[in-house]
Amino acid sequence: MTEGTTSAAEGGDTLTRLEQEGEIAADYLEGLLDIADLDGDIDMDVEADRASVSIISDSGGRDLQKLVGRDGEVLEALQELTRLAVHRETGDRSRLMLDIAGFRAKKRAELAELGAKTAQEVKASGEPVKLDPMTPFERKVVHDAVAAAGLRSESEGEEPQRFVVVLPA
């Protein structure tokens, strides 16, 4: 077997594994929606080498906001519970991402803008800028936006007060 063949097979195996994670998560979340008597459709995808599951609603998602909570706190907890459900079934640690009512998608856009604006500020001033504490998801989005702007950034501090520092070139 050539090296390229192995990589293709491994890529197919990874995709199959991530799709399985999405299906397990979808089943778990459908059960949760039934218990909570909430309406929502489940959308599964694979993005950036991780399973991605979204709960969306045709009715504007007002009921689903209960599952997001203040600043996404309930969403974070549900994501961890869903990851545990996947782990229980597969035996493997999951990096699954959960979005409810478009909360993460909206947050991702806001954080990308924050990262880009902060990078411009640092380029103009030549001084590092420390941002407020963020979740790992939020920090990753900011790091990516800063890198896209041509600068570098680091995370500092301890959870839950870990924050991003944008550094001059």
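Once rounded to the nearest 0.5 Å, the distance linking CG of Asp49 with CZ of Arg95 reads 7.0 Å.
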Could you check Ser155 against His143 for side-chain contact (heavy atoms from CB on, under 4.5 Å), going step by step and ending with a plain yes or no? CA-CA 9 Å; Ser155 292; His143 286 307; 2.8 Å; yes
side-chain contact (heavy atoms from CB on, under 4.5 Å) evaluation trace for Val53 with Thr82: CA-CA 10 Å; Val53 178; Thr82 304; over 6 Å; no
I would like to know whether Phe137 and Gln79 meet side-chain contact (heavy atoms from CB on, under 4.5 Å); could you show each step before the answer? CA-CA 12 Å; Phe137 161 76; Gln79 177 176 275; over 6 Å; no
Show the numbers, then the answer: is there a side-chain contact (heavy atoms from CB on, under 4.5 Å) between Met97 and Arg83? CA-CA 9 Å; Met97 290 295 294; Arg83 286 176 173 177; 4.0 Å; yes
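Using a 4.5 Å cut-off between side-chain heavy atoms of Ile, Leu, Val, Met, Phe, Trp and Tyr, with links allowed through other members, Leu96 and Val68 fall into the same hydrophobic cluster. Two different hydrophobic clusters hold Phe103 and Val142 under the rule that ILVMFWY side chains link at heavy-atom gaps under 4.5 Å. Neither Leu81 nor Val86 shares a network with the other; the hydrophobic side chains, linked directly or stepwise wherever heavy atoms of I, L, V, M, F, W or Y lie under 4.5 Å apart, form separate groups for each. In terms of hydrophobic clustering, with Ile, Leu, Val, Met, Phe, Trp and Tyr side chains grouped at heavy-atom distances under 4.5 Å, Leu151 and Leu111 are assigned to a common cluster.
Using a 4.5 Å heavy-atom threshold, the side chains of Leu78 and Ile100 count as touching. In this structure the side chain of Leu67 never reaches within 4.5 angstrom of the side chain of Leu75, judged on heavy atoms. The side-chain heavy atoms of Leu114 and Met134, taken from C-beta on, include a pair separated by under 4.5 Å.
Under the 3.5 Å distance criterion, the side-chain polar atoms of Arg93 are left unmatched by any main-chain donor or acceptor of His87. Side chain of Ser54 to backbone of Ile56: no donor-acceptor contact under 3.5 angstrom is found.
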Pair up each side-chain donor or acceptor in residues 157-169 with any protein partner under 3.5 Å, not counting sequence neighbours, and list the distances.
| unit_1 | atom_1 | unit_2 | atom_2 | d |
| --- | --- | --- | --- | --- |
| Glu159 | OE2 | Arg139 | NH1 | 3.1 |
| Glu159 | OE2 | Arg139 | NH2 | 2.8 |
| Arg162 | NH1 | Gly157 | O | 2.7 |

Show every donor-acceptor pair shorter than 3.5 Å between a side-chain atom in residues 122-132 and any protein atom, with sequence neighbours excluded, or say none if there are none.
| unit_1 | atom_1 | unit_2 | atom_2 | d |
| --- | --- | --- | --- | --- |
| Lys123 | NZ | Ala149 | O | 2.6 |
| Ser125 | OG | Glu121 | O | 3.1 |
| Ser125 | OG | Glu127 | N | 3.1 |

Side-chain donor-acceptor contacts of residues 17-41 below 3.5 Å, not counting sequence neighbours, with atom names and distances?
| unit_1 | atom_1 | unit_2 | atom_2 | d |
| --- | --- | --- | --- | --- |
| Arg17 | NH1 | Glu21 | OE2 | 3.1 |
| Glu21 | OE1 | Ser94 | OG | 2.9 |

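The nearest pair of heavy atoms linking Ala112 to Ala145 is O-CB, 3.5 Å.
Results of the salt bridge (Lys or Arg N to Asp or Glu O under 4.0 Å) test with Arg104 over Glu76, Glu47, Glu110, Glu138 single out Glu76 as the only residue that passes.
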